[in-house]
Amino acid sequence: MTSRYAEVYGQWRKDPQAFWADAAREIDWIKPPRIVFDPNAGVYGRWFPDATCNTCYNALDRHVKNGRAGQRALVYDSPVTNSQRTYTYGETLDEVATLAAVLQDLGVTKGDRVIVYMPMIAEAVFAMLACARIGAIHSVVFGGFAAKELATRIDDAKPKAIMAASCGIEPGRVVHYKPLLDQAIDLSSSKPSAVMMLQRPQSVASMVAGRDHDWANAVDRAKAAGRTADCVELAATDPLYILYTSGTTGVPKGVVRDNGGHMVALKWTMKNLYGIEPGEAFWAASDVGWVVGHSYIVYAPLLHGATTIVYEGKPIGTPDAGAFWRMISEHRIAALFTAPTAFRAIKKEDPKAEHVARYDLSCMRTLFLAGERADPDTIQWAEDILKKPVLDHWWQTETGWCIAGNPVGLGQLPVKYGSPTVAMPGYDVQIVDEGARPVATGQMGSIVVKMPLPPGALPTLWQNDTRMRESYLDEFPGFYKTADAGFIDEDGYLYIMGRTDDIINVAGHRLSTGGMEEVLSGHPDVAECAVIGIKDALKGEQPCGFVVLKAGVTKPHEMIEKEIVALVREKIGPVAAFKIAICIDRLPKTRSGKILRATMKKIADHDQWAMPATIDDPAILDEIAAALENHGV
Ligand code: COA
Ligand code: AMP
């Protein structure tokens, strides 16, 4: 089949408003849009500014009305608790409408924020949709973050309520959420008036009288009373959620997603990008705490009338490297979307892919990868073992959906290893130099997107238009700064080569080295520090921290290094995967005092490096190399 990509992208280029007006017809609006885009509203314009709608209605009610009540909406599969449960669209709607009524009983109304701190269980999805139903703005916090990170998010979002489970389950370890949550609420100046606590048998949380409510009891009571909440009419531009993501400082950015544009964009992607039909099962093996989880575990598959999968497990170790293949065959999954790290982990454990032969994967058509650079070796290995197309695609928390990909629904384009393929409709992607001037084909530069951003991308940061402008719009006037660097080849294929800021990508998780440096500096013995991301065969990158101690510190270096590793785990959380701290005498700097992080990274990665002309004392680089060697890096 020849791809319709060029034709469809051309249609968008010719008339973006007509393109999105057409896509918007796939959504059931309460008041349909007459205005597609208002360039004068908001920070850079707003999509569908006069329309009203409800995202939960489009994800659940309309499918029930249109004959999908008995179809699988959500499959929960949890090897870590050895349990499974399937919810039809009818059952999911009942659960969500009831939970939404419970939230209303707690005083939660339109515009209130609700933090969701939950592991990969069906109730996390119900919680998000219940908020969407009544117009409350959810903010999901990933379970691998520590209390302080949660507290920062509570302080920024100022939630009226928090919905949480008593624990998450990591292989071999129960993560007790409640003590972390209580600590976070203690640390934050904004106090939620209610906590809904889902007690899991693996960890029974102690409850705070007057504030904490038992989830199961509240839902049971509401069901017995036949209480449900109706969908609330919302402006298409009202926020659906806030999702915090790493910024260049320790303070995360609250990415805002609206209701209308988000639905239009995500619905479009299911058929055109992912090639999925309503009724098929789509599995994003991510976590609801990340953007991939928001868009492709919760919203897009349900908006499309597909079946989504909530998997509480890992690619390996739960119980083995065949876990993904079991899931695909057992739940008849048509497409899998995961991070390359997951495949590197499977490859390491089962290099000959012997587990694949144990399962019938004939239902699966495509593997999609995103979240970090997909190295050609991993793609090739995945192609070899699955004998299916393996398609990398590139996106960010900010955009909420794919910027560049290979749209199988429009007809697959040839794969070029190392490239996530081509820009999607909605995105005019360009490569520019520091002066925002286009660079030649094939030449590296900053990747930018011509404004406006398409529907679904962030309209702003939560209550911070200034940071939105400063972070994304000011540096390259007229463009959105992706903070990724790369190039476009002669066929229009895009290559994403790395970040231009201090963000690193560890096991597909986005982390700020600046945030880690703030933690290291907080150690009483540390005078100065630098954190860099170094190559890691499994996780892509891993953080590595260098510290210079204050004069007169006599404690053994080894002890301080252990304390620093523990401190990052305590302040940011296990997800930081911070395992390497190295005490050194001095940091390499330029004559003007800038730390030479890029050169340190090249040394640690055993890449070719040149002596920076502006270096103050070249001998320090030898000291860094020796320190890394001593620590086995
Ligand atoms: N709650 C609490 N802790 C969590 C957590 C969660 N939801 N998720 C991860 N952690 C912990 C892990 O247990 C680990 O703790 P440890 O230091 O005690 O071992 C730590 O955070 C680091 O986790 P991770 O970097 O994920 O490493 P891992 O060794 O546990 O697993 C992989 C490695 C490759 C199996 C895993 O990273 C994976 O499945 N990655 C896929 C990436 C992905 O889905 N990304 C989402 C974007 S698409
Ligand atoms: P996140 O906001 O967590 O989705 O992380 C976004 C960042 O991850 C991007 O800015 C990229 O640096 C990186 N990233 C995501 N997908 C890809 C990809 N397919 N190829 C290369 N880098 C990617």
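First listed ligand is number 1; within each ligand, the first listed atom is number 1.
Among residue pairs with one or both ends in residues 366-378, those qualifying as side chain to side chain donor-acceptor pair (under 3.5 Å) are T341-E372, R344-E372, R344-D375, D375-T378; sequence neighbours excluded.
Counting heavy atoms under 4.0 Å from ligand 2, residue W290 does not touch it at all. Neither the backbone nor the side chain of R344 comes within 4.0 Å of ligand 1, counting heavy atoms alone. Both the backbone and the side chain of T397 come within contact range of ligand 2, each with a heavy atom under 4.0 Å.
In summary, the atoms of ligand 1 found under 4.0 Å from a heavy atom of H509, numbered by their order in the structure, are 26 (O), 45 (N). Taking every heavy atom of A285 and a limit of under 4.0 angstrom, the matching atoms of ligand 1 come to 44 (O). If you number the atoms of ligand 1 from 1 as listed, the ones under 4.0 Å from a heavy atom of R569 come out as 16 (P), 17 (O), 18 (O). Ligand 1 places these atoms under 4.0 Å from at least one heavy atom of K314: 8 (N), 9 (C). Of all atoms in ligand 1, numbered sequentially from 1 with element shown, those under 4.0 Å from a heavy atom of S286 are 44 (O), 46 (C), 47 (C), 48 (S). Of all atoms in ligand 2, listed by their number and element, those nearer than 4.0 Å to a heavy atom of I496 are 21 (C), 22 (N). Each of the following atoms of ligand 2 lies closer than 4.0 Å to a heavy atom of W395: 4 (O), 6 (C), 9 (C), 15 (C), 16 (N). Numbered from 1 in the order shown, with element, the atoms of ligand 1 that lie under 4.0 Å from a heavy atom of K579 read 17 (O). With ligand atoms numbered from 1 in the order given, ligand 1 contributes 21 (O) to contacts under 4.0 Å with heavy atoms of V575.
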TODO: Check the pair S512 / I503 against side chain to side chain contact (heavy atoms under 4.5 Å, CB included), numbers first and verdict last.
DONE: CA-CA 5 Å; S512 158; I503 300 289; 4.3 Å; yes
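When A342, A146, P315, A576 are ranked by how near their heavy atoms come to atom 39 (O) of ligand 1, first place goes to P315. Distances from atom 14 (C) of ligand 1 to the heavy atoms of R173, R510, M120, Q542 show the closest one on R173. The option from N505, D501, V255 that lies nearest to atom 13 (C) of ligand 2, judged by heavy atoms, is N505.
Ion pairing between E170 and K314 holds under the 4.0 Å rule for side-chain N and carboxylate O. E398 has a carboxylate O that lies under 4.0 Å from a charged side-chain N of R510, or vice versa, which qualifies the two as a salt bridge.
In summary, the side chains of T318 and Y311 do present a donor paired with an acceptor at a separation below 3.5 Å, with no hydrogens or angles considered. Residues E349 and H355 bring no donor and acceptor atom of their side chains to less than 3.5 Å of each other.
Figure legend: R153 and F145 shown as a cation-pi pair, the cationic atom lying under 6.0 angstrom from the six-membered ring centre and within 45 degrees of its axis.
Atom CG of N82 is surrounded by 12 or fewer heavy atoms from other residues, nucleotides or ligands within 6.0 Å.
Using a 4.0 Å cutoff on heavy atoms, G508 counts as a contact of ligand 1.
By the definition of a contact as any protein heavy atom under 4.0 Å away, atom 31 (O) of ligand 1 is not in contact. Atom 42 (C) of ligand 1 is approached by the protein to below 4.0 angstrom, counting heavy atoms only.
Remark: V432 pairs with S446, V448, F476 by the side-chain contact (heavy atoms from CB on, under 4.5 Å) rule, at least two apart or across chains.
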